[in-house]
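Since the structure comes first, as structure tokens, the remarks are kept for the end.
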Protein chains: 2
Amino acid sequence: MATDLRPALGGRDAAETQRRLLDAAERLFAERGFMGTSIRAVTQAAGVSVSAANYHFGSKEALLAATYGRAIIPLNEARLARLTELERRAGDAALPLTDVLDAFLRPVFESPDDASFRGLAGRLFSDPPEIVAALKQEYFGEISERFVAALVRALPDRDEDEVKLAFQFVVGVMVHVIAGQVETNPTPPSSDVTETEELLAQMIRFAAAGLQA
Amino acid sequence: MATDLRPALGGRDAAETQRRLLDAAERLFAERGFMGTSIRAVTQAAGVSVSAANYHFGSKEALLAATYGRAIIPLNEARLARLTELERRAGDAALPLTDVLDAFLRPVFESPDDASFRGLAGRLFSDPPEIVAALKQEYFGEISERFVAALVRALPDRDEDEVKLAFQFVVGVMVHVIAGQVETNPTPPSSDVTETEELLAQMIRFAAAGLQA
DNA sequence: GTCTATAGTTGGATAGAC
DNA sequence: GTCTATCCAACTATAGAC
């Protein structure tokens, strides 16, 4: 069934090969970082040949860039859509602080099925700068500016430089969580979704209090 | 002058070679991570031969362990000394929250002259687990337990699991800052020391508010 | 204690057959 | 479009001279 028409010639479908490579790359780059991940490890996990990766993406760095593109563009679109909707509803009034934080954090935690792509976002802050600086600017620069501006609007009485600094603290919390460094103590009857929801609520509460302090 | 008696035979002093290696390793492991740093890069920066590193430390992983030992043991001693003094002064009363946070954070930011060793602590949370898990337990396990207990004592009305979680958020903020990911906007007449002091004060204020929320 | 030289792997990338 | 085979550079670690 489905649309799995194999090409008449040669091996697998090209799109399928690329998808498998990106899936494996996403997981491995997230878990082990760029320097800790070899092309061979990615291709082996994807079940394709080493040269397939170079054919489809050109280089290891280009594979990383493609991996970020696929994972983070939808995430950032979700963030900006939520923020835009908040701004529309608020009109000229101050933005509600916890809603702004929710718009920033929630898409990170509820997007895809598995957690691997979350760690990838964290690597923007720990992989060597010459590898990820451009990607960080591309995928986090605008987001950062938009949300800082929103937080300044949500906290009209606070000094702007202090809000900027506190936003970076919030990013630190987020990165730490998505890097898998936070152990939760789930209260016994707890599904994955309620656990995630609880963690998100705690992060927002922590961040909101810190921003208001 | 001084006690720089060169050994009668052979090249340089062994202790001096080790010091140079540890200095270079500290900086490079901090900046580029374990996988991103080659022994050759370390020995070249230290001005010694490749084999000197293996002779003195045995392997790349052992060099990393030695680097952590030299950098973090004094740091943790300072943290625990401050905490113990706080507990002594408080007697049976609740511990003052901001003082506990100060005891945890201040030694990280005022210890050595240069910033390289700070980043090393951050690598405990971003280098591949099979490399740093044991080091993280060794150099952060006890510290973490002691400070969580102190924070629980400082916040007797708060749920213990929530305090544990919030402590991990504080660690996230700290790691983000020591990893060099936070840009400060220093108000013009600002020396390094007042800038650091200001950053520390902001972190403590942010963390204290989040913990109390 | 330090060096040069080298062994033995593993890495990224490419050529050429199919 | 995919594969096998290969090149070449860089790596960790060690052997052996001094």
Side-chain angles (χ1 to χ4, degrees), chain A residues 3-26 28-29 31-68 123 127-128 130-132 135, chain B residues 3-25 28-29 31-68 127-128 130-132 135:
Chain A
T3 61
D4 191 2
L5 319 173
R6 298 285 177 77
L9 313 146
R12 288 200 204 82
D13 181 16
E16 168 71 4
T17 297
Q18 294 180 27
R19 192 189 60 73
R20 294 165 69 97
L21 280 167
L22 290 174
D23 285 346
E26 186 173 299
L28 291 171
F29 284 141
E31 285 175 5
R32 316 179 39 82
F34 183 78
M35 302 301 280
T37 303
S38 65
I39 286 196
R40 300 177 121 84
V42 174
T43 54
Q44 192 170 343
V48 305
S49 71
V50 179
S51 51
N54 281 306
Y55 173 77
H56 284 289
F57 297 100
S59 73
K60 186 181 173 186
E61 274 202 57
L63 173 60
L64 181 74
T67 305
Y68 271 103
R123 290 288 167 192
D127 269 342
E130 69 270 24
I131 304 292
V132 293
L135 294 167
Chain B
T3 60
D4 190 2
L5 319 173
R6 298 285 177 77
L9 313 145
R12 286 200 204 83
D13 182 16
E16 167 71 4
T17 297
Q18 293 180 29
R19 192 189 59 74
R20 293 165 69 97
L21 279 166
L22 290 174
D23 285 347
L28 290 171
F29 283 140
E31 286 175 4
R32 314 179 42 80
F34 182 78
M35 302 301 281
T37 302
S38 65
I39 287 196
R40 302 178 113 82
V42 173
T43 54
Q44 192 170 345
V48 306
S49 70
V50 179
S51 52
N54 281 306
Y55 173 77
H56 284 289
F57 297 100
S59 73
K60 185 182 174 185
E61 276 203 56
L63 174 60
L64 181 74
T67 305
Y68 271 102
D127 269 340
E130 68 270 24
I131 304 293
V132 294
L135 294 168

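Side chains are part of it too, since the values below use all heavy atoms of this structure and drop only hydrogens, waters and symmetry mates. Note on naming: letters A, B, ... go to the chains in the order of the sequence lines (proteins, then strands), and numbering restarts at 1 for each one.
- Distances shown here put every side-chain N or O of A:Ser49 at or beyond 4.0 Å from the OP1 or OP2 atom of D:dT2.
- Between the CZ atom of A:Arg19 and the P atom of D:dG1 there is a distance of 17 Å, rounded to whole Å.
- Between the OG atom of A:Ser49 and the CZ atom of A:Arg40 there is a distance of 11.0 Å, given to the nearest 0.5 Å.
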With sugar-phosphate taken as primed atoms, P, OP1 and OP2 and all else as base, the protein-contact string of nucleotides 13-18 of chain D at under 4.0 Å (heavy atoms; B, S, -) is BBB---

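- Rounded to whole angstrom, the span from the CG atom of B:Leu28 across to the C1' atom of D:dC11 amounts to 15 Å.
- Picking from C:dT2, C:dC3, D:dC3 the nucleotide with the shortest atom distance to the side chain of B:Val48 gives C:dC3.
- At a threshold of 4.5 Å between non-hydrogen side-chain atoms, the residues A:Leu64 and A:Leu135 count as touching.
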Using the side-chain contact (heavy atoms from CB on, under 4.5 Å) rule, take B:Met35 and A:Phe34 through it: C-alpha gap first, then chi angles, then the decisive distance, then the call.
-> CA-CA 9 Å; B:Met35 302 301 281; A:Phe34 183 78; over 6 Å; no

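- Proximity of B:Glu61 to B:Ile131: side-chain heavy atoms (C-beta onward) are separated by under 4.5 Å at one or more points.
- For the pair B:Phe57 CZ and C:dG1 C1', the interatomic distance rounds to 13 Å; values are reported in whole Å.
- Checked against C:dG11, D:dC11, C:dC3, the side chain of B:Ser38 finds its nearest nucleotide in D:dC11.
- Separation of atoms CG (B:Asp23) and CD (B:Gln18) is listed at 12.0 Å; rounding is to 0.5 Å.
- Going from atom NE2 of A:His56 over to atom P of C:dG12 covers 18 Å, rounded to whole Å.
- The CE-P distance, from B:Met35 to C:dG11, rounds to 9 Å in whole Å.
- A close approach under 4.0 Å does not occur between any side-chain nitrogen or oxygen of B:Thr17 and OP1 or OP2 of C:dG1.
- Under the 4.5 Å side-chain criterion, counting only non-hydrogen atoms from C-beta, A:Leu63 is in contact with A:Leu22.
- Taking atom CD on B:Gln44 and atom P on C:dT2, their separation rounds to 18 Å, with Å as the unit.
- One can place CZ of A:Arg20 at 11 Å from P of D:dT2, the figure rounded to the nearest angstrom.
- Scanning both residues, A:Leu21 and A:Ala53, for their nearest heavy atoms gives CD1-CA, 3.8 Å.
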